[in-house]
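Let me begin by presenting the structure, written as structure tokens, before commenting on it.
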Amino acid sequence: MSLRVRFAPSPTGHLHIGGARTALSNFLEARREGGIFVLRIEDTDPERSKREHEEQILRDLAWLGLRWEEGPDVGGPFAPYRQSERYDRYRAVAEDLLARGHAYRCNASSEELDALRAAQTAAGEDPRYDRRNREANLGPDCGPHVIRVKMPIEGVTVLDDLIKGRIEIPNEKLDDLVIIRSDGTPTYNFVVVVDDHDMGITLVARGDDHVNNTPKQIHIYHAMGAEVPRFAHLPMILGPDGSRLSKRHGDTSLGSYRDMGILAEAMLNYLARLGWSHGDQEVFTEAELISLFRLQDVGSSGARWDMDKLKWLNQTWIQGMAPAELTHRCLPFFEAQGYAVAEHQDRLVHIVSALQKRSPTLVDLASQARFFFVPDAELSFDEAAVGKHLKGEAGTLLRSLAARLAALSDWSEPALSAACEALLAELGLKMGKLAQPVRVALTGQGVGPGLYEMLLGLGQARSVARLEAAAAKANPPG
RNA sequence: GACCCCAUCGUCUAACGGUCAGGACUCCGGAUUUUCAUUCCGGCAACACGGGUUCGAUUCCCGUUGGGGUCGCCA
């Protein structure tokens, strides 16, 4: 049977990076093996599930570059792919389990069970269900009740995990878990098994917070008479302090990283590289990951989230990207900064190129680009830089340069370079004498892109205007 | 607390019984450069501890310690 994997998020919020990592692992595994990647929505919690969350999760996955063959949006042979639309099926399976003696009704109330757990805890025992109605054979008329599935009482359940290796869990630790709530809705551990079976899933790869659920699920497969898939439990992503990554560690949603200007390529690269490696290679394209990444090579210990390394990877990806493509990616960030992008359309690529080597994120790039977009009159000057570079003879120098640049008919790097070199040669000056005053004149700051990069990004008219304005500022014409 | 999992530089990792324990991020130097950045060199930094097994353990086994996860009519 060919490989079928799935990612099954619950639409109760945004897609977090742990989920993204799980989805990516499944995606890569499917692509490498020529298998099928199924996307399923686990919306069995009607209170918290929202359609808008589902839509956002799909968009986030698509942004990352993931593609699925079957899912709620594209359909497929096992539709529907939303659990809320499959309740009849779960109900039918539960009835079957009941009929064949693998499940039973229990009319203990939540309050009773809470009290039971409290008493057990107080007595120093493990809180657990006491199987009170396992053999009672209650009928459907026993009042408000749940349906529980029978777990074996002795022996051990063995799980041969692709990542963790062999895991053995004593059956006496397995509670007879609820599969149908008293309101008739099914629970997660039940629907996940029914769906994975119905949808022909052959490998279940998910976070290792599910390891303890797996033995119970295996027994549900057995009770259903279904074939048990293989399992791969990915270690959790940890925060900088070593505990499971959560909101208190800062940004955990994939979207927040996109919004801070992390490239999808870099995120994909970082996520795959977390807990996995291939020799000394650090940078991987999606195509390389598809051929190289294997679930079974993922390490079995948790990995901490390292923002510094993500940023480094991001900068590496930014540097290596074609300027035209990078410009396209920057547009939303320019707009977020309020830049009048349309007015600078023809110089956008120059602007982006000027900042490409100095931006860890797209937000950094956009913010450094401010001086290119701001109207000349609104350019803000760093007083220290002005005091240091815009004084005395600098004014004369800037005026001469402005005159020469104004006369150019070709606004290209070779032409600009020739003009600057000629001026320097005539005056017997070094580049350093010219570059800094020009930089302050054009950007208002003492640090910034290279000379020609600034000129190219700014264009002839604005460059000349800023040079003249700075000249006047440094050395008012007498 | 019970059960499950994990354990190499600060972080991500390589090593699959014999290596000066390698690479990357961070950090610190130096070089290049029109500033900054980039780039290029160089440096600091790890086998958690204790027992075994073995001629020989980072590597295999056991224990300890430490960390994480799970113990719902949430997913």
Side-chain angles (χ1 to χ4, degrees), chain A residues 8-12 42-45 47-49 83 106 108-110 113-114 117 121 124-129 144-148 159 161 163-165 167-170 172-175 177-189 191-192 207-215 233 235-236 238 240-244 270 273-283 299-313 315 319 355-360 368 385 388-389 420 424 430-440 443 445-452 454:
Chain A
S10 62
T12 54
E42 311 224 312
D43 53 352
T44 50
D45 182 347
E47 294 293 304
R48 300 191 297 147
S49 295
Q83 293 181 327
C106 173
S109 69
S110 301
L113 295 179
D114 286 346
R117 279 188 283 266
T121 303
E125 296 166 20
D126 292 350
R128 59 175 309 174
Y129 174 65
H145 63 275
V146 300
I147 297 177
R148 290 180 181 265
L159 162 64
D161 192 272
I163 293 174
K164 303 254 177 197
I167 297 174
E168 300 186 6
I169 291 166
E172 58 179 325
K173 297 292 174 187
L174 307 179
D175 267 354
L177 83 194
V178 173
I179 57 175
I180 300 288
R181 300 184 186 100
S182 50
D183 66 359
T185 60
T187 61
Y188 166 80
N189 277 299
V191 299
V192 79
D208 76 4
D209 48 338
H210 287 291
V211 172
N212 290 288
N213 287 330
T214 307
H233 287 96
M236 298 278 89
L238 278 18
D241 64 352
S243 67
R244 178 179 179 163
Y270 181 76
R273 185 64 185 63
L274 204 56
W276 172 86
S277 66
H278 181 261
D280 289 341
Q281 189 171 347
E282 294 290 347
V283 180
S300 51
S301 54
R304 299 183 197 217
W305 187 255
D306 183 355
M307 197 58 207
D308 283 333
K309 187 141 187 181
L310 207 209
K311 281 196 176 180
W312 171 79
L313 254 184
Q315 180 159 17
Q319 288 176 186
L355 302 167
Q356 186 165 13
K357 289 220 168 1
R358 54 190 72 239
S359 308
Q368 292 184 81
K388 190 170 179 188
H389 301 293
C420 291
L424 290 174
K430 306 269 276 187
M431 182 57 90
K433 281 288 180 194
L434 178 66
Q436 276 306 80
V438 171
R439 177 164 292 107
V440 178
T443 72
Q445 309 295 310
V447 299
L451 186 50
Y452 310 126
M454 296 186 293

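What you see is a predicted model, and the numbers here were worked out from it, not measured in a lab. Chain letters run A, B, ... following the sequence lines, proteins first, then strands; residues in each count from 1.
Both distances falling under 3.5 Å, in either a Watson-Crick or a G-U wobble arrangement, occur for no nucleotide opposite B/U59. For B/C3, the paired nucleotide is B/G69, the pair qualifying as Watson-Crick or G-U wobble because both relevant distances are below 3.5 Å. A 3.5 Å limit on both hydrogen-bonding distances identifies B/G10 as the Watson-Crick or G-U partner of B/C25.
Close to B/C73, at under 4.0 Å from its OP1 or OP2, lies a side-chain N or O of A/Arg148. OP1 or OP2 of B/C73 has not a single side-chain nitrogen or oxygen of A/Ser110 nearer than 4.0 Å. Taking only side-chain nitrogens and oxygens, A/Arg304 never comes nearer than 4.0 Å to OP1 or OP2 of B/G68. Neither OP1 nor OP2 of B/A37 sits under 4.0 Å from any side-chain N or O of A/Gln315.
Looking at heavy-atom distances under 4.0 Å, A/Thr44 makes contact with sugar-phosphate atoms alone, never a base. Within 4.0 Å of A/His210, counting heavy atoms only, lies at least one base atom of the nucleic acid. Looking at heavy-atom distances under 4.0 Å, A/Glu168 makes contact with sugar-phosphate atoms alone, never a base. A/Gly242 comes within 4.0 angstrom of sugar-phosphate atoms only, judged by non-hydrogen atoms across all strands, and of no base. Residue A/Gly275 is in sugar-phosphate contact alone, with no base atom involved, counting any heavy-atom pair closer than 4.0 Å across all strands shown.
Heavy-atom nearest nucleotides on RNA chain B were determined for A/Leu238 and for A/Asp126, and the one closer to the 5' end corresponds to A/Asp126.
Rounded to a whole Å, the CE atom of A/Met236 is 10 Å from the C1' atom of B/G68. Between the P atom of B/U70 and the OH atom of A/Tyr188 lies a distance of 12 Å, rounded to the nearest Å. As a whole-Å value, the separation of A/Arg439 CZ from B/U34 C1' is 6 Å. Taking atom CE on A/Met431 and atom P on B/U32, their separation rounds to 18 Å, with Å as the unit. The nearest whole Å value for the distance from the CD1 atom in A/Ile163 to the C1' atom in B/G69 is 15 Å. For A/Arg117 and B/A2, the CZ to P distance is 20 Å, given to the nearest whole Å. The interatomic distance linking A/Asp114 (CG) with B/C71 (P) rounds to 15 Å, in whole Å.
The separation of B/C61 from B/U8, taken at their P atoms, amounts to 16 Å, rounded to a whole angstrom.
Partner of A/His233 under the side-chain hydrogen bond (donor to acceptor under 3.5 Å, both in side chains) criterion, out of A/Thr214, A/Asp209, A/Asp208: A/Thr214 alone.
Of the possible donor and acceptor atoms, none in the side chain of A/Asp175 sits under 3.5 Å from a partner among the backbone N and O of A/Arg128. Remark: the backbone N or O of A/Arg439 is not paired with any side-chain donor or acceptor of A/Gln445 at under 3.5 angstrom.
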What string of B, S and - do you get for nucleotides 21-28 of chain B 5' to 3' if you count protein non-hydrogen atoms under 4.0 Å?
-> -BBBSS--
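With no hydrogens or angles considered, no side-chain donor-acceptor pair links A/Thr187 and A/Asn189 at under 3.5 Å.
Between A/Asp114 and A/Arg117 there is a salt bridge, since at least one side-chain N of the basic residue sits less than 4.0 Å from a carboxylate O of the acidic one.
Contact of A/Ser182 with B/C73 (side chain to base): a donor-acceptor pair of N or O atoms is detected under 3.5 Å.
Other residues, nucleotides and ligands contribute only 12 or fewer heavy atoms inside 6.0 Å of the NZ atom of A/Lys311.
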